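Comments concern the structure below.
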Amino acid sequence: MLRRTFQLIPGVGPWKEKDLWARGIHTWDDFPDNGSVLGQKLDEGARRRLALAREALERRDLKGLAAMVPPREHWRLYPEFARDAVYFDIETDGKQEQAPTVVALFDDAGLRVFIQGRNMDELPEAMAERRLWVTFNGSCFDVPVLREYFGKRFPTPDAHIDLRFVCRRLGMGGGLKEIEDKLGLGRPPHMKGVNGWDAVLLWRAYLARGDVEALRFLVEYNLYDSFQLRSLMDKAYNRALDDLNLDAEPRVPVFERGEVLYDVSRLIMELGPTQRDLRVLERVRAQDRDLHQD
DNA sequence: TGCGAGCGTAGATCGCTACG
DNA sequence: CGTAGCGATCTACGCTCGCA
């Protein structure tokens with residue numbers, strides 16, 4: 001799809017791009033080396049720009065390509081750089097300062113989770129490993145929160161596909177769960193109807209009582225958010241091709257979460273109480289004993 | 001070749017929205 | 001609540017092309 005993108009030419013927007021396609025110029029390689037296509041002046045810039053784009057793709061220079069393609073079309077970069085992608089989602093404490101409590105990452109290497117008070121400090125390094133970030137509303141929420149929290153040691157990706165805006169352009173507004181349902185990507189019963197505020201409550205329950213079960217549920221929810229993004233990205237990409245009537249353009253296979261459910265179970269079962277959790281547990285037990293003494 | 005009309009892109013502003 | 005991206009809307013500009 002990237003090689004069909006002509007909107008990276010200055011002076012070419014959606015209309016002229018469609019026009020090029022209609023005239024049989026389907027990919028960069030179809031653009032004639034000489035002769036008038038868009039007019040003298042534009043052709044000059046076009047050939048220069050297409051050469052740059054080809055070189056950038058040759059080098060697998062995501063940053064360079066992302067700078068050429070208008071942001072709203074960044075979804076077109078997806079198939080070429082899918083192996084460099086990380087899908088992630090954060091939960092926060094719901095306070096004014098919005099400190100992250102749990103962060104789930106899903107990429108080629110599998111699932112990872114970062115938890116406040118345990119390994120949250122390792123998150124920036126893990127994020128830096130992947131140059132394409134995929135989120136839902138992450139450009140407005142997740143990334144600003146993390147940047148605020150970690151400061152400038154938090155990395156910047158070469159490109160960031162925010163599925164909220166990709167979906168909206170495909171006529172699907174609303175939240176992540178709503179869109180999942182619309183696309184038949186619903187969650188199993190025990191994960192249905194859980195939302196971001198529940199995540200705040202689960203964290204508070206865990207903190208207040210050392211309730212590891214609450215943490216496990218929270219982490220499971222968070223992990224679901226991360227890998228559901230992968231299926232959503234696949235479906236949204238395919239839909240965007242439908243929208244452009246690009247029947248010949250190859251679709252991507254839609255990720256099935258079955259592949260990772262074992263890892264989800266393993267990750268949440270591995271979660272035990274920390275020393276701090278055990279102290280909290282001891283304290284609330286003592287309080288309980290006091291309460292029932294007389 | 002030179003002019004003006006018309007198209008489409010780009011910039012600027014505003015209000016809406018989804019996140020926990 | 002704060003954040004930030006985008007569509008809608010409007011304006012301005014650049015370019016192409018038709019016409020003589």
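This structure is a prediction, so every number in the text was calculated from the model and none was measured. Chain identifiers are assigned alphabetically (A, B, ...) following the order of the sequence lines, protein sequences preceding nucleic acid strands; residue numbering begins at 1 within each chain.
Contact record, Ala66(A) with Asp158(A): CB-O, 3.7 Å, taken as the closest heavy-atom pair. Contact between Val37(A) and Leu20(A) at its shortest, heavy atoms only, is CG1-CD2, 3.7 Å. Of all heavy-atom pairs spanning Phe150(A) and Met120(A), the tightest one is CZ-O, 3.5 Å. Of all non-hydrogen atoms in Pro124(A) and Arg153(A), the two that sit nearest each other are CB-O, 3.7 Å.
When rounded to the nearest whole Å, the span between CG of Leu20(A) and C1' of dT16(C) equals 14 Å. Following rounding to the nearest Å, Phe217(A) (CZ) and dG20(B) (P) show an atom-to-atom distance of 14 Å. With rounding to whole Å, Asp19(A) atom CG is found 11 Å from dC17(C) atom P. With rounding to whole Å, Arg204(A) atom CZ is found 14 Å from dG20(B) atom P. For Asp225(A) and dA18(B), the CG to C1' distance is 13 Å, given to the nearest whole Å. Separating the CG atom of Asn137(A) from the C1' atom of dC19(B) is a distance of 5 Å, rounded to the nearest angstrom. Separating the CZ atom of Phe141(A) from the C1' atom of dC1(C) is a distance of 11 Å, rounded to the nearest angstrom. Between the CG atom of Leu232(A) and the P atom of dC19(B) there is a distance of 11 Å, rounded to whole Å.
Relative to the side chain of Glu91(A), the nucleotides dA18(B), dG20(B), dC6(C) differ in distance, and dG20(B) lies closest.
Judged as a side chain to side chain donor-acceptor pair (under 3.5 Å), and not counting sequence neighbours, the contacts of Glu80(A) are Arg3(A). Remark: Arg112(A) pairs with Asp107(A), Glu129(A) by the salt bridge (charged side-chain N to carboxylate O under 4.0 Å, His left out) rule, at least two apart or across chains. Annotation: salt bridge (charged side-chain N to carboxylate O under 4.0 Å, His left out) contacts of Arg209(A) (sequence neighbours excluded): Asp211(A). For Arg54(A), the side chain to side chain donor-acceptor pair (under 3.5 Å) partners two or more places apart in sequence, or in a different chain, are Asp29(A). In terms of the side chain to side chain contact (heavy atoms under 4.5 Å, CB included) criterion, residue partners of Leu176(A) (sequence neighbours excluded) are, by chain and number, Phe136(A), Glu180(A), Arg187(A), Asp225(A), Leu229(A), Leu232(A).
With 3.5 Å as the limit, one finds a donor-acceptor pair spanning the side chains of Thr274(A) and Asp277(A).
Salt bridge absent: Arg239(A) and Asp243(A) never bring a charged side-chain N and a carboxylate O closer than 4.0 Å. A salt bridge between Arg131(A) and Asp84(A) is present, with a side-chain N of the basic residue lying under 4.0 Å from a carboxylate O of the acidic one. Of the charged side-chain nitrogens involved, at least one lies within less than 4.0 Å of a carboxylate oxygen, so that Glu270(A) and Arg266(A) count as a salt-bridged pair.
Residues Phe141(A) and Arg164(A) form no side-chain contact, since every pair of their non-hydrogen atoms from C-beta on lies 4.5 Å or further apart.
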Problem - Pair Arg23(A)-Asp30(A), salt bridge (Lys or Arg N to Asp or Glu O under 4.0 Å): steps then yes or no - result: CA-CA 10 Å; Arg23(A) 289 157 57 191; Asp30(A) 298 327; over 6 Å; no
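Taking every heavy atom of residues 157-183 of chain A and every atom of DNA chain B, pairs under 4.0 Å involve Arg164(A), Gly173(A), Gly174(A), Gly175(A), Leu176(A), by number. Residues of residues 38-51 of chain A having a heavy atom closer than 4.0 Å to DNA chain C, listed by number: Leu38(A), Gly39(A), Gln40(A), Lys41(A), Leu42(A).
With hydrophobic clusters built from ILVMFWY side chains whose heavy atoms lie under 4.5 angstrom apart, Phe31(A) does not share a cluster with Trp15(A).
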Do any N or O atoms of the protein come closer than 3.5 Å to N or O atoms of nucleotides 8-11 of chain C, and which pairs are they?
none

Do any N or O atoms of the protein come closer than 3.5 Å to N or O atoms of nucleotides 6-10 of chain B, and which pairs are they?
from: dT9(B); atom 1: OP1; to: Gly13(A); atom 2: N; distance (Å): 2.8
from: dT9(B); atom 1: OP1; to: Gly13(A); atom 2: O; distance (Å): 3.3
from: dT9(B); atom 1: OP1; to: Trp15(A); atom 2: N; distance (Å): 3.3
from: dT9(B); atom 1: OP1; to: Lys16(A); atom 2: N; distance (Å): 3.0
from: dT9(B); atom 1: O5'; to: Gly13(A); atom 2: N; distance (Å): 3.4
from: dA10(B); atom 1: OP1; to: Gly11(A); atom 2: N; distance (Å): 3.2

Would you tabulate the nitrogen or oxygen pairs shorter than 3.5 Å linking the protein to nucleotides 18-20 of chain C?
none

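Computed from C1' positions of five pairs at each end, the angle between the two local axes of the helix from dT1(B)-dA20(C) to dG20(B)-dC1(C) equals 30°, rounded to 10 degrees.
Exactly one of Glu73(A), Glu17(A), Glu249(A) qualifies for a salt bridge (charged side-chain N to carboxylate O under 4.0 Å, His left out) with Arg4(A). That residue is Glu249(A).
Judged by the 6.0 Å and 45° rule, Arg60(A) forms a cation-pi pair with Phe81(A).
Through direct or relayed side-chain contacts under 4.5 Å between Ile, Leu, Val, Met, Phe, Trp and Tyr, Tyr262(A) connects to no other residue.
The residue among Val37(A) and Cys140(A) whose nearest nucleotide of DNA chain C lies closer to the 5′ end is Cys140(A).
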